Amino acid sequence: MAQCSVLFTSEKPQAEPKSLSDKPTKKPSETPSSQPAIFIPVDRSPDIQEARLKLPILAEEQVIMEAIKENSVVVLCGETGSGKTTQVPQFLYEAGYGSGNYIIGVTEPRRVAAITMSQRVALEMNLPQRVVSYQIRYEGNVSNKTKMDGVLLKEIQKDFLLTRYKVVIIDEAHERSVYTDILIGLLSRIVPLREKKGSPLKLIIMSATLRIEDFTNNKRLFPVPPPVIKVDARQFPVAVHFNKRTPLDDYAGECYRKVCKIHRMLPAGGILIFLTGQAEVHSLCRRLRKTFPFSGKNIHNVTEDDDSQEAVKRFKKSKPKKTMNLPKIDLASYSAQPLDEGDEDREAADDDEDGSGSDLDLDLGDGEAQEDEKTDSSLPLFVLPLYSLLAPEKQSKVFLPPPAGTRLCVVATNVAETSLTIPGIKYVVDCGKVKKRYYDKVTGVSSFRVDWTSQASANQRAGRAGRTEPGHCYRLYSSAVFADFEQFSLPEITRRPVEDLVLQMKDLNIEKVVNFPFPTPPSADALIAAEELLISLGALQEPPKTGRLNDLQKAKLSSPITALGKTMASFPVAPRYAKMLALGRQHECLPYVITIVATMTVRELYVEVDRPAVSDEEKELLKGKKARVLQMQRIWAGQGSAQKLGDLMVMLGAVGACEYAGLAPKFCERNGLRFKAMLEIRRLRGQLTTTVNSLCPDIQLYLDSKMNPPTESQVMYLRQIVMSGLGDHIARRIRAEELLDEKWKNAYKTPLLEEPVFIHPNSALFRQLPDFVVYQEIMETTKMYMKGVSAIEAEWIPVLLPQYCHFGKPLEEPPPFYCSETGRVKCHRPSTFYRVGWQLPAVVVDYPEGLDRYKYFAMFLLEGKVIKKFGSYRSVLLSTPIAMLKTWAKLQPRTEILLKALVSENADSLAGLLAAWKKNPKYLLSELCQWTPEAIHEDISKAWPPIQHDED
DNA sequence: GAGCACTGC
């Protein structure tokens with residue numbers, strides 16, 4: 001699950017920290033505790049006390065605590081900077097909500113937030129970290145490094161009523177992360193249950209923006225709307241300036257011009273620019289550095305950065321540095337009035353109408369007037385890129401003060417909107433766009449699109465200019481365009497596949513997921529698709545195939561979880577991958593499956609090397625690096641048939657090599673691997689290994705840093721295991737003879753897409769073009785590209801993925817046969833792949849259920865293939881065994897009699913036959929006598945049932 | 001022959 005929890009207990013350390021992960025054996029003391037009249041003294045240092053008093057929320061302590069006392073659910077609304085995250089838990093602690101072995105639980109959407117919050121609270125209250133602890137995905141500091149996995153959702157799985165908690169705080173609920181949504185849904189049911197038990201649980205929902213209707217005005221969630229308390233934020237006013245005209249598509253160019261003007265005309269203060277992607281960020285950085293170069297010597301190791309190298313070089317050639325000469329306009333006396341929270345819209349709109357024309361906004365203009373890209377080294381600008389995939393050491397540069405005499409300018413993506421706060425920002429330049437991932441609900445194809453952002457997030461961006469002093473936000477679009485923005489962006493849960501959530505919820509025994517009180521429910525399509533996939537994977541029970549259509553539809557959305565599903569739910573990965581793990585134990589493949597799954601789960605394994613270079617020199621450098629990376633990938637792709645595992649083999653090789661090199665950052669750097677990704681993979685492998693060991697204690701798996709490459713046959717099993725998880729991600733190559741249209745050249749067909757899909761050019765199988773492949777995902781860019789591709793064999797499909805196949809009538813040639821290993825009648829059946837009807841090779845499967853299976857079984861029985869003893873009567877049989885199959889069989893009563901006897905006891909396999917004999921030792925005796933001359937009936941009868949001899 | 005925002009168990 002996605003949350004990071006901060007556990008917040010009383011001073012008394014827990015006697016048994018482990019009990020958190022076990023089922024609580026004894027309930028906490030049942031003292032009625034809805035109104036704790038306790039006051040727990042806290043010993044804060046004077047300077048902390050002083051800093052706290054400045055927080056607006058401290059004035060609200062009374063109101064907040066009264067509301068919590070009187071209500072079981074409270075919504076607390078306050079912008080960032082109000083101090084609610086750090087202060088509310090302290091209020092609760094002081095009021096005694098954390099005493100008596102109870103826990104105050106706080107969930108944060110991000111790991112860093114959970115860690116810093118717990119540290120901050122511990123510091124402010126002068127409490128040890130064992131009292132204020134955190135737990136996140138792979139680690140935690142709960143009571144002296146007790147290792148724990150799973151957080152609040154996992155705890156609900158173990159103890160649905162959360163009996164150890166007296167308060168749960170959901171922080172940043174406005175971000176609407178999938179798991180806060182589900183937690184709120186679950187807690188809305190747990191709270192009244194706890195009320196009934198006389199040991200109430202308090203739920204506090206903390207949200208920043210005003211988007212709270214989904215929580216407060218949602219009868220299904222909370223029949224009685226919870227009270228809302230608003231808290232002021234300590235935020236400085238931000239004047240918002242709109243462009244008069246909105247650039248059609250060159251918002252990056254408009255950004256550049258606006259930054260130039262700000263830097264030339266406005267007083268000191270950092271600039272933060274919001275763009276949509278890595279490439280844009282780098283390109284704007286280059287342009288700005290070119291225009292306002294500065295000396296990077298001895299500052300922040302700038303020389304490590306490829307882009308800054310350019311700036312440094314340029315500077316060395318340029319004239320000695322002049323002092324920065326900035327105009328001295330007092331921006332604090334700017335026409336804008338202070339901005340209260342939530343007033344930004346009005347403020348912004350006013351500003352556009354009467355503000356422009358007389359103030360700085362006009363001076364800065366929308367300007368395409370001057371295209372001045374001439375170098376101006378008198379005004380050094382310290383330009384830094386910032387995006388999530390940037391190496392952490394490069395990211396952290398934005399937190400340091402810029403070199404003396406320069407102005408900080410951060411060119412960022414959306415990371416800077418919520419995840420990272422940059423100090424000293426006075427100017428925000430907002431292009432108004434975001435890049436978002438889209439999923440096609442029907443086909444599952446992903447794509448990235450750049451779109452207008454929402455009003456809420458534009459305001460969030462503007463707010464970044466007022467953290468340390470009054471600021472300005474320049475929006476590169478008109479107020480009319482802003483007015484057309486969506487008020488809020490859609491909650492994540494409505495925009496992504498939900499199979500992982502559905503599985504988790506089924507594991508909580510919520511069978512009818514449609515009825516769950518989601519703050520915003522996912523679409524019915526998404527829920528149906530999830531349920532179908534989980535049924536195909538065997539994680540949910542297949543609904544009955546008979547019944548009325550209406551009932552079927554209903555049953556479809558309420559399938560209970562299977563044992564396999566329970567196993568899968570315990571792995572913190574996507575259900576398709578969890579299936580691979582569940583199968584992975586065979587042939588000692590598990591360490592490899594764990595590594596492959598971990599690698600597929602962690603995003604962006606490789607660093608971007610395709611960035612356009614600034615100089616010829618850099619171009620050569622990048623080219624060399626790229627060549628080396630490609631060469632390594634060829635090595636990792638393996639030899640011979642191992643290559644068929646394709647991109648997953650490359651991943652396995654990369655991780656193996658990296659681990660062998662001791663997870664060294666240098667190794668990653670040289671081979672184009674993203675160090676942070678490698679760390680994550682290591683941690684996830686560790687967690688998956690732990691989970692496997694806890695599921696099957698006999699297996700005693702450990703994390704091997706010197707993992708040998710898989711053998712050839714293991715690679716084949718791996719391909720089969722991978723295919724079993726990706727059964728709905730199969731593609732078939734269009735062969736030359738089927739080619740009707742050039743656009744299908746080298747293309748693949750998938751069951752759900754009409755258009756051709758292609759193997760991504762970076763794939764190890766790009767040139768191989770296997771007939772059948774499975775893929776991790778399809779990403780639509782200029783074409784539909786499959787990524788994470790492995791080759792599979794057509795004949796595996798009907799055997800390993802029968803749920804996706806239609807089977808034809810059993811073939812007469814080769815004829816059905818009796819399989820002595822399984823004791824069952826087998827046959828060859830032709831098959832086709834569902835929907836698309838691809839011909840697949842005929843495979844040996846169990847003979848389909850029905851009368852014919854009994855006929856064949858009877859024949860094999862008479863032939864002595866099932867039971868040896870029967871063979872001894874073979875020569876004296878009154879009819880030939882093959883008579884069982886003939887159309888005229890009915891004319892011979894003995895065939896009918898035998899058949900009826902078998903059918904009556906379901907004896908169409910050895911197991912069935914033995915069971916029947918166990919019930920009735922005389923079973924089948926008279927029927928066999930029909931087939932044999934009377935002379936030997938007595939002999940037969942004496943040796944009946946004829947099995948003991950076979951068992952020897 | 002490309003072009004991925006941001007999170008998490």
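Note that this is a predicted model, so its numbers are computed, not measured.
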Inset, instruction - Between B:dG8, B:dA5, B:dG1, spot the one nearest the side chain of A:Tyr179, thanks. - result: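 For A:Tyr179, the side-chain atoms sit closest to B:dG8.
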
Pick base, sugar-phosphate or nothing for [X], based on heavy-atom distances below 4.0 Å to the nucleic acid.
X        : result
A:Val415 : sugar-phosphate
A:Phe571 : nothing
A:Thr782 : sugar-phosphate

Legend entry - 5' priority, DNA chain B, between A:Gly277 and A:Ala574 [closest heavy atom]: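 The residue whose closest nucleotide sits nearer the 5' end is A:Gly277.
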
Inset, instruction - Return the set of residues passing side chain to side chain donor-acceptor pair (under 3.5 Å) with A:Ser388 (not counting sequence neighbours), or none when no residue passes. - result: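 Residues passing side chain to side chain donor-acceptor pair (under 3.5 Å) with A:Ser388: A:Arg603.
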
Inset, instruction - Only counting residues at least two apart or in another chain, list the ones meeting side chain to side chain donor-acceptor pair (under 3.5 Å) with A:Asp451. - result: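 Partners of A:Asp451 by the side chain to side chain donor-acceptor pair (under 3.5 Å) criterion, ordered by chain and then number, come out as A:Tyr438.
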
Using whole Å, what does the distance between atom [atom2] of nucleotide [N] and atom [atom1] of [X] come to?
X        : N     : atom1 : atom2 : value
A:Glu680 : B:dG8 : CD    : P     : 8 Å
A:Tyr439 : B:dC4 : OH    : P     : 13 Å
A:Phe758 : B:dG1 : CZ    : C1'   : 11 Å

Inset, instruction - Would you check if there is a donor-acceptor pair between the side chains of A:Thr520 and A:Arg176 at a distance under 3.5 Å? - result: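 There is such a pair between these side chains.
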
Legend entry - Set of residues satisfying salt bridge (charged side-chain N to carboxylate O under 4.0 Å, His left out) with respect to A:Arg496, sequence neighbours excluded: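 For A:Arg496, the residues satisfying salt bridge (charged side-chain N to carboxylate O under 4.0 Å, His left out) (neighbours in sequence not counted) are A:Glu492, A:Asp500.
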
Inset, instruction - Could I get the full list of ring-ring contact (aromatic ring centres under 6.0 Å, His included) partners for A:Phe518, not counting sequence neighbours? - result: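 For A:Phe518, the residues satisfying ring-ring contact (aromatic ring centres under 6.0 Å, His included) (neighbours in sequence not counted) are A:Phe516.
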
Inset, instruction - Please name all residues satisfying ring-ring contact (aromatic ring centres under 6.0 Å, His included) with A:Tyr775, sequence neighbours left out, ordered by chain then number. - result: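 A:Tyr775: ring-ring contact (aromatic ring centres under 6.0 Å, His included) contacts with A:His729.
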
Inset, instruction - Go through residues 491-498 of chain A and report each residue with a non-hydrogen atom lying under 4.0 Å from DNA chain B, sorted by number. - result: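 None, since no heavy atom is under 4.0 Å.
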
Inset, instruction - Report yes if at least one side-chain N or O of A:Ser446 is closer than 4.0 Å to OP1 or OP2 of B:dC4; otherwise report no. - result: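 The answer is no; no side-chain N or O of A:Ser446 sits under 4.0 Å from OP1 or OP2.
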
